[in-house]
Each structure stands twice: as C-alpha cells, then as structure tokens.
Amino acid sequence: EPEVTQTPSHQVTQMGQEVILRCVPISNHLYFYWYRQILGQKVEFLVSFYNNEISEKSEIFDDQFSVERPDGSNFTLKIRSTKLEDSAMYFCASKIRGQSTDTQYFGPGTRLTVL
Amino acid sequence: GENVEQHPSTLSVQEGDSAVIKCTYSDSASNYFPWYKQELGKGPQLIIDIRSNVGEKKDQRIAVTLNKTAKHFSLHITETQPEDSAVYFCAASSYSSASKIIFGSGTRLSIRP
C-alpha cells in the first residue's frame with residue numbers, strides 16, 4: 001500500500017540554525033500539507049500546498065517557514081532560523097484531490113529538537 | 001474560528017468493554033470527520049471517517065455517529081482489545097477552507113487486561 005515517507009526521523013539542531021524536513025507524498029497525490037505536534041498537544045495545521053503554490057497557511061507559519069516541491073516527488077519544509085519553541089513532531093500529509101471529503105494520509109513524522 | 005473539542009482526555013476501560021469518545025465542532029461548513037489513531041512515535045493513522053451526508057458508519061468493531069444539528073460526532077469501539085490502546089484524535093475538515101484538518105486535543109485510551 002502506498003504511504004507517505006519522511007526523513008529524517010529525528011533531527012537535532014542548534015537554535016538559529018536552518019533545517020529542512022523532507023517528505024515524499026504518495027505518488028499520484030496533488031495536495032500536500034505540513035502539520036506539527038508539540039509534545040503532548042494536538043496536531044496543528046501549518047500549511048497546504050497545491051500546484052506549486054501555498055493554498056493556505058496558519059498563523060504559526062510565519063516568515064521563518066517555507067515550503068517547496070523541488071522535483072516531482074519531494075515536498076520540503078524549511079525553517080530558516082530555528083527557535084526552541086520549534087521543537088515538535090512535524091507531519092507531512094497528502095491527498096489525491098482538494099475536496100474536503102478526500103482522505104489525508106500522514107507520514108510517520110520528523111521529531112525536531114532545537115537546543 | 002474553527003475549533004474541535006474532544007473529551008475525555010484519558011479513558012481507561014476493561015478489555016472487552018466498549019469505549020466512547022465524543023467531539024464537537026464549531027464550523028458549520030465542516031463536512032468531513034476523520035478519526036485518527038496515533039501510536040507512540042508514529043504519525044496519525046486514519047481508522048474511520050464519516051461524511052456529513054450520513055449519520056452513522058460502522059467498520060467491524062468501530063462505529064462513528066454524526067449529529068449535524070448539534071455539531072456532535074462520536075467514536076465507539078466495542079469489544080476492546082489491548083491493541084486498541086493508543087491516542088485517538090477526532091478531526092474535521094471544511095469545504096470552505098483548503099481542506100486542512102482541524103484536530104481535537106486527543107484521547108489517550110488504555111485497555112486494562
């Protein structure tokens with residue numbers, strides 16, 4: 001069964017450093033998402049992406065964040081200058097179409113630890 | 001704004017008994033309600049979903065109900081087993097947004113042997 005994959009599984013970085021989290025969505029999916037989950041809290045929406053453009057972003061997704069689909073398979077989340085409060089699990093998700101009733105499939109996540 | 005409330009935050013049931021998790025949503029445009037199971041160190045896995053044009057859906061031991069008027073939806077797990085122990089999230093998605101998913105705060109379900 002096709003699945004969303006993410007690398008790395010765990011990323012440790014120093015405050016102020018840039019990180020890039022990588023995702024490979026399911027191959028025929030067209031809509032892509034990033035969510036984050038701070039330890040013990042709910043999963044929060046960050047950004048949605050379609051046709052090489054951001055469709056919607058949350059208040060969390062400020063100028064320090066960016067997303068890119070550099071090729072036909074990868075979808076990346078970049079944090080330019082990490083802060084301690086960026087420490088969280090980051091989940092990538094994808095869906096085949098843009099309708100709200102279509103299922104979003106989540107990857108296993110990247111645990112980001114900012115020291 | 002859009003919000004999904006979920007309770008209880010923790011639930012402990014005897015193996016073989018039923019578990020019920022309840023959620024409410026605020027956005028009247030919500031039309032899709034997935035439920036995710038999250039095991040330790042893993043991403044959310046869809047276990048069942050319901051669309052706004054139906055009131056109930058069942059898949060083996062799992063059932064979901066939706067009351068659009070009251071903006072309530074619930075997850076029912078019958079004949080619970082140890083492998084049901086996990087964190088469960090209700091969620092909602094709206095046709096008026098970019099189909100982002102708004103998650104509830106989660107319920108940690110523990111099955112006592």
Side-chain angles (χ1 to χ4, degrees), chain A residues 1 3-7 9-10 21 23-26 29-51 53-61 67 88-111, chain B residues 1-7 9-10 21 23-25 27-54 57 59 64 66 68 73 86-108:
Chain A
E1 183 176 326
E3 58 184 17
V4 177
T5 59
Q6 291 184 243
T7 55
S9 57
H10 192 188
L21 310 183
C23 167
V24 179
I26 295 172
H29 285 190
L30 300 177
Y31 291 78
F32 314 111
Y33 304 81
W34 283 101
Y35 294 80
R36 81 170 185 190
Q37 184 181 31
I38 295 171
L39 187 64
Q41 298 186 21
K42 67 168 70 176
V43 179
E44 301 173 287
F45 168 77
L46 292 179
V47 66
S48 58
F49 190 87
Y50 167 69
N51 199 26
E53 289 184 345
I54 290 175
S55 305
E56 186 174 357
K57 58 184 180 180
S58 71
E59 293 176 354
I60 303 167
F61 195 89
V67 288
M89 282 288 287
Y90 288 81
F91 295 106
C92 173
S94 70
K95 61 196 284 185
I96 193 165
R97 298 177 305 181
Q99 295 187 31
S100 59
T101 52
D102 293 324
T103 300
Q104 280 189 34
Y105 294 89
F106 283 76
T110 292
R111 178 172 299 282
Chain B
E2 306 141 326
N3 192 37
V4 175
E5 298 288 338
Q6 181 173 350
H7 61 95
S9 57
T10 60
I21 302 171
C23 292
T24 59
Y25 61 97
D27 187 357
S28 299
S30 296
N31 63 345
Y32 175 64
F33 306 91
W35 286 86
Y36 288 88
K37 177 182 181 181
Q38 187 178 31
E39 295 174 309
L40 196 63
K42 297 184 179 179
Q45 296 294 308
L46 180 74
I47 55 171
I48 195 168
D49 56 19
I50 189 167
R51 289 162 174 76
S52 59
N53 57 346
V54 298
K57 181 177 178 180
D59 182 4
V64 290
L66 171 65
K68 283 200 70 179
F73 58 117
V87 178
Y88 291 80
F89 291 96
C90 63
S93 182
S94 163
Y95 60 77
S96 64
S97 74
S99 302
K100 65 188 179 192
I101 288 178
I102 305 298
F103 282 82
S105 53
T107 295
R108 181 173 299 279

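Lettering of chains follows the sequences in order, A, B, ..., and the numbering in each one begins at 1.
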Ring centers of [X], [Y] separated by less than 6.0 Å:
{"X": "A:Tyr50", "Y": "A:Tyr31", "answer": "yes"}
{"X": "B:Phe103", "Y": "A:Phe106", "answer": "yes"}
{"X": "A:Phe49", "Y": "A:Trp34", "answer": "no"}

Using non-hydrogen atoms and a 4.5 Å limit, figure out which bit of [X] sits close to chain A: side chain, backbone, both or neither.
{"X": "B:Val4", "result": "backbone"}
{"X": "B:Ile101", "result": "both"}
{"X": "B:Phe33", "result": "neither"}
{"X": "B:Pro44", "result": "both"}

Part of A:Gln37 lying under 4.5 Å from any heavy atom of chain B
side chain
So which of B:Ala92, B:Ser52, B:Ser105, B:Gly43 has the biggest tally of heavy-atom pairs under 4.5 Å with chain A?
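Most heavy-atom pairs under 4.5 Å with chain A: B:Gly43.
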Of the listed residues (B:Gln6, B:Gln38, B:Arg108), which shares the most heavy-atom pairs with chain A below a 4.5 Å separation?
B:Gln38
List in chain and number order the residues that pass ring pair (Phe, Tyr, Trp, His ring centres under 6.0 Å) with A:Tyr90, two or more places apart in sequence or in another chain; answer none if no residue qualifies.
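Residues passing ring pair (Phe, Tyr, Trp, His ring centres under 6.0 Å) with A:Tyr90: none at all.
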For B:Tyr88, what residues pass the ring pair (Phe, Tyr, Trp, His ring centres under 6.0 Å) criterion, not counting sequence neighbours?
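Residues passing ring pair (Phe, Tyr, Trp, His ring centres under 6.0 Å) with B:Tyr88: none at all.
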Minimum heavy-atom distance A:Pro25-A:Cys23, with the two atoms named
CD-O, 3.6 Å
